[in-house]
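Down below is the structure, laid out as structure tokens.
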Amino acid sequence: MGSNEDIMISVKPGVKGGTFMVRGAAVLTNVPANITVTPVNDGSVFVGANATSSSSRHVFNLGTLQEHRLVCLFRFKIWWMIPCFGTSGGDIPAETQMLLLEVENKFYVLILPVLDGQFRTSLQGTPDNELEFCIESGDPDVQTTKIKEPVFVNSGNNPFNLIRNSIKILEKHKGTFKHIDNKQKPEHIDWFGWNTWDAFYCNVDPEGIKDGLENFSKGGCPPKLLTIDEGWQNIFPSYEENPTGYVYIWHAMAGYWGGVLPESEVMKKYNPKIQPVVQSPGNLTHVVCSTLDNIQEKGIGLIDPSKIRDFYNDFHSYQASCGVDGVKVDVQGVLELLGAGYGGRVSLTRQYLGALEDSVTETFKSNNLICSMSLNTDFLYSTKKAAAARATEDFMPNEPTFQTLHVAAAAFNSLLIGEIIVPDWDMFYSDHITAEFHGAARALSGSAVYVSDKPGSHDFDIIKKLVLPDGSILRARYAGQPTRDCLFNDPVTDGKSLLKIWNLNKLSGVIGVFNCQRAGIWPPIKGSIYMPAPGSGTPISGIVSAGDVDALEEVAGENWRGHCAVYACLSGSLKTMSKDAKFQVALEHLKCEVFTVSPIRAFSEDLRFAPIGLLDMYNSGGAVEAMDSENKSSECKIKVRIRGCGRFGAYSNKKPKCCSMNEKDEEFIYNPIDGLVTVKVEGEYSSREMVF
């Protein structure tokens, strides 16, 4: 995304008379004398501090935070992150990993706690509205008195460009991680996936796991998969011949949840030992995950970091020999608990993560790695190759209060993590009561789409809105994020705000609008019971604009004059409007709508045209790959390259004389009232050219 809207400023943030100033505005007052400021570039700085004594953990006061609208991303449990909203320091929880301020309704200030050598940083507020940062190594033997670059501060006019540019500055300055633009993306993210837990656990004999995997990866299926109802063949005609494109296998970062067994003869060559688990005080202020209970008591069988590369290479080579294409590696955040004696949490994470990334790319010959339970900054600012990671806690079909929180958390978390990895919004059930809600959100996520349906339990009407017949998906270009006017509103609990998520395709934008209110409260806790207030069934209204697609100019083209065709996927309506025009949307509880926003191009003085895409897909515009035109005397030919099949739609202010596809005439329907041109696209699923 571009950064034209941001203007470089010559005055860098800094402390003047005990006040931390940014662009002439006070952000923090009563700044202590031990706080240091180090310029970076382009108006950004690092904020650090000096301590009077050496320790492996320090908490420093940055000063009193002035009243500004804010959103922060914090870890409410060791594995996962959610947003929090407020206006003062007291609203900022411990373990905050990103803080975004709206200052005087003029510009934005981004505060990122990062890694500094062997130390990891987080933010937290106090009841006195002070902003603090905590630095810790996780190893009592790794201590310091001086921290120079633990907190990064930058400002800008566009919040999305601000975050993006800041991550790129950090990438260049720190050199410990890479921006998503500089990573090879996994092969699976453009394809539909099915997580077949039931099939694997019920049908693969542990004594014959290799034979089972070989059979599966060569196109064979465990018995349960052979009993799939015929709906799959109707959606994927080639399913019978090629039921699996990629097979990924799950394992934990330490091998399994509790690591490996030190007494095992097979494991001895990796020199494992039982390592005690030590929780950070910041984690203990929030939800303590029950999965830690057992390992907290017994410790983890941790492989010697000097041997972890050998372990991953051996483990992955075996899997690859069975035809496995990649791995999903879970429980990655556990390493932050095990750093004592190994140089601390950051050092241990980098040794394990570096070995994992190298093993995957060398063994599977591609970057086929999904990271999970890895939303700590130890991982984010250390990953140089991993390009896909879970964005939020698991989809939990039996927890009714989790559904809206899941979508909202994934969207807000993507503000930060979407600049480092492709956020994985997790699987969902296609036959769940919230399937449309989740399905529409996945279409906007910019990530892979997969379900975890039980064999035989599917809603193919939902799946067909996400997946093309060849198994590919219409993946948007970036990570789906909240629109600018939603950034500082709580879409789950304030009782009035809709959640809007935006993304871009090659020639259009897309906006999803979701009613996440009155279904639960932060944070998600298993077994929560939420009693909605009286009147909670009343629809909630919000304002939508084509301009909610923040970077629409990137794809609009030179012949765009500021107007857009806006198509509503679920209601099937089309309207045209200027980019800045607004319209109202009212949604009932757990309902949503998806709008394709296609810039209307001017091809002559009196001809206006905008491709919409496949009308029955959530992300209709993802089917449009390119557009060109030929003007000869009074005739104009518009060429649109699309992929997939189904009902293709476009806006035209004039009825086309004819339509052809691959030089064959096609019938079309033109609605003179709204200008919608509809063509039924059949046959092959690959890219083809349509000419109007």
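Worth saying up front: this structure is predicted, and the values here are computed from it rather than measured.
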For [X], is the [atom1] atom crowded, meaning more than 12 foreign heavy atoms sit under 6.0 Å from it?
{"X": "K591", "atom1": "NZ", "value": "no"}
{"X": "I521", "atom1": "CD1", "value": "no"}
{"X": "Q279", "atom1": "CD", "value": "yes"}

Could you list all the side-chain hydrogen bond (donor to acceptor under 3.5 Å, both in side chains) pairs where at least one residue sits in residues 100-112, not counting sequence neighbours?
R69-E102
Check whether [X] reaches the backbone of [Y] with its side chain - one donor and one acceptor, N or O, closer than 3.5 Å.
{"X": "T377", "Y": "Y381", "answer": "no"}
{"X": "S280", "Y": "G282", "answer": "yes"}
{"X": "S457", "Y": "D453", "answer": "no"}
{"X": "N376", "Y": "I78", "answer": "no"}
{"X": "N165", "Y": "N161", "answer": "yes"}
{"X": "N489", "Y": "P491", "answer": "no"}
{"X": "H458", "Y": "S430", "answer": "no"}
{"X": "T383", "Y": "L380", "answer": "no"}
{"X": "S44", "Y": "V40", "answer": "no"}

Ring pair (Phe, Tyr, Trp, His ring centres under 6.0 Å) assessment of F74 paired with H286:
CA-CA 10 Å; F74 78 102; H286 297 309; 5.2 Å; yes
Heavy-atom pair with the smallest gap, counting every atom of [X] and [Y]:
{"X": "S508", "Y": "L552", "result": "C-CD1, 4.4 Å"}
{"X": "V151", "Y": "V114", "result": "N-CG2, 4.4 Å"}
{"X": "K185", "Y": "A387", "result": "CA-CB, 4.2 Å"}
{"X": "N503", "Y": "V549", "result": "O-CG1, 3.8 Å"}
{"X": "A411", "Y": "I501", "result": "CB-CD1, 3.8 Å"}
{"X": "P159", "Y": "L100", "result": "CB-CD2, 4.2 Å"}

Minimum side-chain heavy-atom gap [X]-[Y] below 4.5 Å:
{"X": "P539", "Y": "L587", "value": "no"}
{"X": "C289", "Y": "W79", "value": "yes"}
{"X": "F107", "Y": "V109", "value": "yes"}

May I ask you to say whether [X] pairs ionically with [Y], meaning some side-chain N is under 4.0 Å from a carboxylate O?
{"X": "R164", "Y": "D181", "answer": "yes"}
{"X": "K77", "Y": "E393", "answer": "yes"}
{"X": "R390", "Y": "D330", "answer": "no"}
{"X": "E553", "Y": "K579", "answer": "yes"}

Please determine whether ring pair (Phe, Tyr, Trp, His ring centres under 6.0 Å) holds for the pair F412 and F85, giving the CA-CA distance in whole Å, both sets of side-chain angles, and the decisive distance to 0.1 Å.
CA-CA 11 Å; F412 276 90; F85 309 85; 5.3 Å; yes
Can you sort out the partners of N129 under side chain to side chain donor-acceptor pair (under 3.5 Å), two or more places apart, ordered by chain and number?
S88
I'd like to check the side chain to side chain donor-acceptor pair (under 3.5 Å) partners of S545; sequence neighbours left out, ordered by chain and number.
none
Less than 3.5 Å apart, which donor and acceptor atoms pair up between the side chains of residues 433-441 and the rest of the protein, not counting sequence neighbours?
from, atom 1, to, atom 2, distance (Å)
T434, OG1, H432, ND1, 2.7
E436, OE2, K465, NZ, 3.0
E436, OE2, Y618, OH, 2.4
H438, ND1, R442, NH1, 3.0
H438, ND1, R442, NH2, 3.2
H438, NE2, Q403, OE1, 2.8

Would you say the side chains of T483 and D485 form a donor-acceptor pair under 3.5 Å?
yes
Ring pair (Phe, Tyr, Trp, His ring centres under 6.0 Å) between F595 and W502: does it pass, once the steps are laid out?
CA-CA 10 Å; F595 298 96; W502 72 277; over 10 Å; no
Kindly list each side-chain donor-acceptor pair under 3.5 angstrom involving residues 562-577, sequence neighbours excluded, with atom names and distances?
from, atom 1, to, atom 2, distance (Å)
S571, OG, S573, OG, 3.2
S571, OG, E593, OE2, 3.4

If the condition is salt bridge (charged side-chain N to carboxylate O under 4.0 Å, His left out), which residues does E95 pass it with, not counting sequence neighbours?
R75, R120
Please walk me through it: do N505 and N619 pass side-chain hydrogen bond (donor to acceptor under 3.5 Å, both in side chains)?
CA-CA 9 Å; N505 297 305; N619 184 22; 2.9 Å; yes
Before you tell me yes or no, could you show the steps for F395 and Y429 under ring pair (Phe, Tyr, Trp, His ring centres under 6.0 Å), namely the whole-Å CA-CA distance, both residues' side-chain angles and the distance that decides it to 0.1 Å?
CA-CA 9 Å; F395 165 74; Y429 282 2; 5.6 Å; yes
Should Q517 and D494 be marked as a side-chain hydrogen bond (donor to acceptor under 3.5 Å, both in side chains) after you check the CA-CA gap, both sets of side-chain angles, and the distance that decides it?
CA-CA 7 Å; Q517 300 285 348; D494 75 4; 2.7 Å; yes
